[in-house]
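First comes the structure, then the notes that go with it.
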Amino acid sequence: MSDLVKSKSNFIRDIIDEHNQTGRFGGKVHTRFPPEPNGYLHIGHAKSICLNFGIAKDYGGLTNLRFDDTNPTKEDVEYVESIKANIRWLGFDWDDREYFASDYFETLYDCAVQLIKKGKAFVCHLSADELRDYRGTLTEPGRESPYRNRTVEENLDLLTRMRQGEFPDGYCTLRAKIDMGSPNFNMRDPVMYRILHAEHHRTADDWCIYPMYDYAHCVSDSVEGITHSICTLEFEDHRPLYDWFLDELEIFHPQQIEFARLNLTYTVMSKRKLLQLVKEGFVTSWDDPRMPSLSGMQRRGYTPSAIKSFAEIIGVAKNNSIVDMELLEHVLRDDLNQHATRRMAVLRPLKVIIDNYPEDKEESFEVPDFPQDPDRQTKRSVPFSNVLYIESEDFMENPPAKYYRLAPGKEVRLMNAYYVTCTEVVKDEAGQVTEVHCTYDPESRGGMSADGRKVRGTIHWVSARHAVDAEVRLYDMLFTKPNPYEVEEGGDFTDNINKHSLEVLKGCKLEPNLAFAEVGQSFQFMRNGYFCLDMVDSKPGSLVFNRTISLVDSWAKMQK
RNA sequence: UGGGGCAUGGUGCAACGGCAGCACACCGGACUUUGAAUCCGUGGAUCCAGGUUCGAAUCCUGGUGCCCCGGCCA
């Protein structure tokens with residue numbers, strides 16, 4: 001094992017190492033990522049994707065993409081397409097190993113016939129309610145179905161007629177014959193097939209009986225030669241059933257391994273709840289930048305590499321835990337700080353007039369694009385003139401003691417340009433500062449004074465004459481509590497939504513180079529943070545930027 | 001005495017009988033053409049009680065706490 005793999009030590013790798021030592025799978029490692037196409041992928045899925053693809057890659061194995069499409073009433077091709085796009089975006093490749101559980105419907109049917117012939121499955125006419133009653137309780141065993149001891153011939157005949165569509169939905173089910181006295185509910189004669197006269201997004205109306213997850217998943221894994229079937233903790237109780245089907249069918253037997261799903265502070269990680277947000281209009285779509293969906297994060301400006309290193313750094317265990325959102329933002333900031341293009345932009349403009357700079361003069365400064373990236377030392381030219389915009393928060397008429405940006409009588413550095421000193425403040429009738437006058441030091445061109453005197457403050461600016469107008473959208477955390485599931489009695493989780501999670505700023509002033517920004521490109525706008533040119537709403541002439549990082553503690557500060 | 005699973009700084013993850021370590025967060029300092037970033041540093045943890053052992057986060061016994069399971073969802 002390489003040091004790299006060793007450094008990623010986790011219990012799943014321990015299990016695989018043991019298999020490799022005992023030779024259980026002949027040294028082979030083959031995983032799969034098996035989403036149900038009933039919603040968009042979110043950051044929690046990214047953990048699973050990185051795990052499955054990452055482990056297989058490190059052990060020289062392969063990973064399949066398989067859609068677990070056994071419930072046609074919830075699934076849709078829209079989801080299939082978005083899932084594939086998201087995985088590709090993350091940078092993982094499943095080559096031609098793209099499968100669907102529905103590919104195996106015929107195989108699954110054949111296996112069911114086998115189980116019936118073996119006396120291990122039967123057709124049951126108990127209604128859903130009756131079945132629940134017969135299943136028993138946590139402390140009491142269940143009762144056997146009155147249909148449990150039909151003959152093989154009768155069961156075979158009934159299954160055939162189920163498939164042929166003779167019966168309406170819910171008329172009967174095919175059940176495995178295991179043990180109604182088992183303390184594990186999953187073993188109390190679980191349903192294998194139910195009747196569903198529904199249009200399937202791939203098999204259309206070929207079938208009106210559909211296999212249940214527990215039955216379909218293990219057989220699908222087996223058929224594909226999956227060695228390690230990695231799933232989340234809630235399936236631990238299902239493993240005995242997973243094993244039972246494969247043992248009874250006497251087919252290739254993968255190992256199911258369970259890990260704890262990802263929980264993030266401030267973040268809802270439930271497809272059902274996320275769907276609710278879309279349907280009830282809390283967000284505009286699945287790829288709304290406030291959504292924790294991968295599509296939303298992409299639009300927000302998250303990078304695949306940041307998400308992958310996040311998955312790496314949070315590790316894998318069986319502990320139920322909640323990872324701090326700050327860690328995700330740290331990893332992204334780390335990536336963007338080095339690789340995002342640096343630009344100047346003024347979100348809330350304040351006009352600055354440099355009185356001793358000639359009105360008709362123009363010059364430009366060469367400014368590095370990636371000051372933190374040693375591999376990319378490219379520069380761009382930024383125009384300068386006598387009228388500028390600065391961030392209104394970078395000026396204070398009556399500054400507190402430790403404020404060292406612009407203020408009356410104070411000198412600051414205009415980033416990469418000149419030292420300026422504030423000489424006059426102009427206000428409107430309401431007393432609002434409308435513009436500020438300064439003088440500049442011609443000797444300080446480039447941002448260094450000739451006499452070596454230092455200024456503490458450095459601020460960004462944009463030439464008014466050259467600026468590009470834009471709209472900037474500030475997306476904040478959608479949820480206002482570290483754990484959005486902690487709701488008051490009788491409340492819905494949406495009660496915890498931050499109603500001000502979107503602020504639209506119009507009239508933002510950008511340096512002209514930003515007119516050539518590419519959709520999806522992330523930028524670092526000096527003190528204002530990171531932004532991404534929106535992929536959906538942007539039209540020529542109206543640049544729309546989404547804020548990439550919203551500081552979690554902005555919420556904490558608001559609370560004070 | 002239903003069954004299954006999990007407990008390590010504030011948070012997440014390591015250590016697999018041998019000096020409890022890493023990251024985030026917090027705090028302090030240095031540096032800085034943004035107060036960001038970067039660099040350096042401090043503090044802080046093995047759920048409890050027994051037992052085995054020269055030695056226990058790790059093994060054993062008994063507690064405690066939390067999570068999951070009674071869909072014809074996955």
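Remember, predicted model here, so these are calculated numbers, not experimental data. Letters A, B, ... are given to chains in the order of the sequence lines, protein chains preceding strands, and every chain is numbered from 1.
- Each of G4(B), C13(B), G70(B) was ranked by its minimum atom distance to the side chain of R132(A); first place goes to G70(B).
- Taking atom CD on Q338(A) and atom P on U38(B), their separation rounds to 10 Å, with Å as the unit.
- As judged by a 4.0 angstrom heavy-atom cut-off over every strand, R405(A) is placed among the base-contacting residues.
- Distance noted for atom C1' between G2(B) and G70(B): 11 Å (whole Å).
- If you check the side chains of D335(A) and T303(A), you find a donor sitting under 3.5 Å from an acceptor.
- Contact check, T70(A) against A74(B): a side-chain N or O comes under 4.0 Å of OP1 or OP2.
- G70(B) adopts an anti glycosidic conformation, its chi angle falling more than 90° from 0.
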Measure all distances between protein nitrogen or oxygen atoms and nitrogen or oxygen atoms of nucleotides 23-25 of chain B, and list the pairs falling under 3.5 Å.
| from | atom 1 | to | atom 2 | distance (Å) |
| --- | --- | --- | --- | --- |
| C24(B) | OP1 | H330(A) | NE2 | 3.4 |

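- Residues M212(A) and N184(A) both approach RNA chain B. Their nearest nucleotides, taken by heavy-atom distance, put N184(A) toward the 5′ side.
- Taking 3.5 Å as the limit, the base of C73(B) and the side chain of N38(A) contain no donor-acceptor pair of atoms between them.
- In a base pair of the Watson-Crick type (N1 to N3 plus N6-O4 or O6-N4) or a G-U wobble (N1-O2 and O6-N3), with each distance short of 3.5 Å, A36(B) is matched with no nucleotide.
- In this structure, a donor-acceptor pair under 3.5 Å is absent between the side chains of H201(A) and D76(A).
- Of all nucleotides listed (C72(B), U32(B), G2(B)), G2(B) comes nearest to the side chain of L138(A).
- Of the N and O atoms on the side chains of R150(A) and H125(A), at least one donor lies less than 3.5 Å from an acceptor on the other residue.
- At the heavy-atom level, Y193(A) lies nowhere under 4.0 Å from the strands shown.
- In this structure, the ring of F531(A) has its center less than 6.0 angstrom from the ring center of F525(A).
- When the C1' atom is used for both C54(B) and G21(B), the distance is 25 Å, rounded to whole Å.
- A pairwise comparison of heavy atoms in H42(A) and K271(A) identifies CD2-CG, 4.5 Å as the closest pair.
- By the stacking rule of 5.5 Å between ring centres and under 30° between planes, F185(A) does not stack on the base of G3(B).
- The partner of G65(B) is C6(B), by the rule that a Watson-Crick or G-U pair needs both atom distances under 3.5 Å.
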**Message:** Could you walk me through whether S392(A) and R348(A) satisfy the side-chain hydrogen bond (donor to acceptor under 3.5 Å, both in side chains) test, starting with their C-alpha distance in whole Å, then the side-chain angles of each, then the deciding distance to 0.1 Å, before giving a yes or no?
**Reply:** CA-CA 6 Å; S392(A) 48; R348(A) 295 174 177 86; 6.0 Å; no
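- A distance-only check finds a donor-acceptor pair linking the side chain of R32(A) to the backbone of I230(A) [under 3.5 Å].
- Using modelled atom types, one finds a donor on one side chain and an acceptor on the other under 3.5 Å when comparing E224(A) with N64(A).
- No engagement by V455(A) is indicated, since no non-hydrogen atom pair under 4.0 Å with the nucleic acid exists.
- For the pair G136(A) and W461(A), nearest-nucleotide mapping onto RNA chain B gives the more 5' position to W461(A).
- Here H238(A) lies in heavy-atom contact (under 4.0 Å) with a base.
- Distance from the side chain of R135(A) is smallest to C72(B) among A74(B), A37(B), C72(B).
- Applying ring-ring contact (aromatic ring centres under 6.0 Å, His included) to W461(A) and the options Y389(A), F384(A), F395(A), Y418(A) leaves one that passes, F384(A).
- Contact annotation for Y215(A): no contact, since no heavy-atom pair falls under 4.0 Å across all strands.
- Y134(A) and D189(A) share no side-chain donor-acceptor pair at under 3.5 Å.
- For the C1' atoms, the distance from A57(B) to C19(B) is 14 Å, rounded to whole Å.
- Contacts of R239(A) with the nucleic acid, taken as non-hydrogen atoms under 4.0 Å apart, are absent.
- In this structure, A23(B) forms a base pair with U11(B), meeting either the Watson-Crick or the G-U wobble geometry with both donor-acceptor distances under 3.5 Å.
- Between G29(B) and C66(B), the two C1' atoms lie 41 Å apart (nearest whole Å).
- Nearest nucleotide to the E236(A) side chain, out of U33(B), G5(B), G3(B): G5(B).
- Residues of residues 168-181 of chain A having a heavy atom closer than 4.0 Å to RNA chain B, listed by number: G170(A), T173(A).
- Comparing the same atom, C1', in C22(B) and in A15(B) gives a spacing of 11 Å after rounding to whole Å.
- Considering every non-hydrogen atom in both P141(A) and G181(A), the closest pair reads CB-CA, 3.9 Å.
- The nucleotide whose nearest atom lies closest to any side-chain atom of N337(A) is, among C13(B), A74(B), A37(B), A37(B).
- Look at the C1' atom in both C31(B) and C40(B): the space between them is 10 Å, to the nearest Å.
- Distance CG (L233(A)) to P (C6(B)): 8 Å, rounded to an integer number of Å.
- Of the candidates T73(A), V77(A), N71(A), E75(A) forms a side-chain contact (heavy atoms from CB on, under 4.5 Å) with just one, namely N71(A).
- When heavy atoms are screened at a 4.0 angstrom cut-off, L264(A) is found touching no nucleic acid atom at all.
- Between the C1' atom of C16(B) and the CD1 atom of I15(A) lies a distance of 13 Å, rounded to the nearest Å.
- For G5(B), neither phosphate oxygen OP1 nor OP2 lies less than 4.0 angstrom from any side-chain nitrogen or oxygen of N319(A).
- In this structure, R342(A) places its CZ atom where more than 12 heavy-atom neighbours from other residues, nucleotides or ligands lie under 6.0 Å away.
- Comparing U8(B) with A20(B), their C1' atoms are spaced 8 Å from each other, to the whole Å.
- Across all strands, G457(A) comes closer than 4.0 Å to no nucleic acid atom at all (heavy-atom distances).
- Residue S321(A) places its side chain closer to G12(B) than to any other of C72(B), U32(B), G12(B).
- Across the C1' atoms, C68(B) and G35(B) are found 47 Å apart, a figure rounded to whole Å.
- No engagement by L196(A) is indicated, since no non-hydrogen atom pair under 4.0 Å with the nucleic acid exists.
- Picking from U8(B), A74(B), U33(B) the nucleotide with the shortest atom distance to the side chain of N416(A) gives U33(B).
- Aromatic pair F479(A)/Y266(A): centroids not less than 6.0 angstrom apart.
- Nearest nucleotide to the R194(A) side chain, out of A37(B), A74(B), U32(B): A74(B).
- Residue M448(A) places its side chain closer to U33(B) than to any other of U33(B), C13(B), A74(B).
- Shown here, C54(B) forms a base pair with G18(B); the pair counts as Watson-Crick or G-U wobble because both key distances fall under 3.5 Å.
- For S9(A), counting side-chain heavy atoms from C-beta on, the closest listed nucleotide (U33(B), A15(B), A36(B)) is A15(B).
- Looking at heavy-atom distances under 4.0 Å, K402(A) makes contact with a base.
- Note on A128(A): a base of the nucleic acid sits closer than 4.0 angstrom, heavy atoms only.
- Residue contacts shown for Y210(A) are absent, as no nucleic acid heavy atom lies under 4.0 Å away.
- As judged by a 4.0 angstrom heavy-atom cut-off over every strand, D237(A) is placed among the base-contacting residues.
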